[in-house]
Amino acid sequence: MAGKKPFGLRFRRNKDNLLFRLRGKLDGSGACQMEHALNRLRDVPNHARLTVDLSGVRDFDYFGIVHFAKVLRGRRYRFSEICLSGLESGTERLFKRVGLANGKVTRFQL
């Protein structure tokens, strides 16, 4: 299908700040890629801050969002703060249903 971009994940680290920039379609496979990338981070101090930039994601799959929320929920004790950025208002409503929103992620539920 023309026009569909594959999922992409870029990672940047600056001392205790980690930034993941996601692009393309966030589906189950993309959420698993994010999970594997987080699993590979071994030397992250407990006071590190994780920011996930979703401004490059153009298509969201509901299963991908739910799995993405579970991935972040499973790591909430590993980071001092988890922040999401780049959600559009319509998509943010869907993310709020699984306990995520723009800004600091303060609650997780599923």
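- Between the side chains of Arg49 and Asn14, no donor-acceptor pair is found at a separation under 3.5 Å.
- Note: the hydrophobic cluster containing Leu22 does not contain Leu19 (ILVMFWY, side chain heavy atoms under 4.5 Å, direct or indirect links).
- Met34 CE to Leu9 CG: the interatomic distance, rounded to the nearest 0.5 Å, is 6.0 Å.
- Expressed to the nearest 0.5 Å, how far CZ of Phe79 lies from CG of Asn17 amounts to 11.0 Å.
- In this structure the side chain of Leu38 never reaches within 4.5 angstrom of the side chain of Val44, judged on heavy atoms.
- Between Phe60 and Phe95, the angle of the ring planes goes over 60°, which puts this pair in the perpendicular group of the 30/60° scheme.
- Counting all heavy atoms, side chain and backbone alike, Leu26 lies closest to Ala31 at CD1-N, 3.8 Å.
- Across Gly28 and His67, no two heavy atoms sit closer than the pair O-CD2, 4.4 Å.
- Note on Val52 and Tyr62: same hydrophobic cluster, where clusters join Ile, Leu, Val, Met, Phe, Trp and Tyr whose side-chain heavy atoms are under 4.5 Å apart, directly or indirectly.
- If you take CZ on Phe7 and CG on Asp59, they are separated by 12.0 Å, rounding to the nearest 0.5 Å.
- Separation of atoms CZ (Arg75) and NZ (Lys70) is listed at 13.0 Å; rounding is to 0.5 Å.
- Donor-acceptor pairing under 3.5 Å is recorded for the side chains of Asp53 and Ser55.
- To the nearest 0.5 Å, the span separating CG on Leu54 from CD on Glu88 amounts to 10.5 Å.
- Put simply, Val71 and Phe11 are part of the same group of oily side chains (I, L, V, M, F, W, Y) that touch within less than 4.5 Å, one to the next.
- More than 12 heavy-atom neighbours from other residues, nucleotides or ligands sit within 6.0 angstrom of CZ on Arg13.
- Summarising the geometry, atom CD1 belonging to Ile82 is positioned 10.5 Å from atom OH belonging to Tyr77; distances are rounded to the nearest 0.5 Å.
- Residues Phe68 and Leu84 have side chains in contact (heavy-atom distance under 4.5 Å, counting atoms from C-beta outward).
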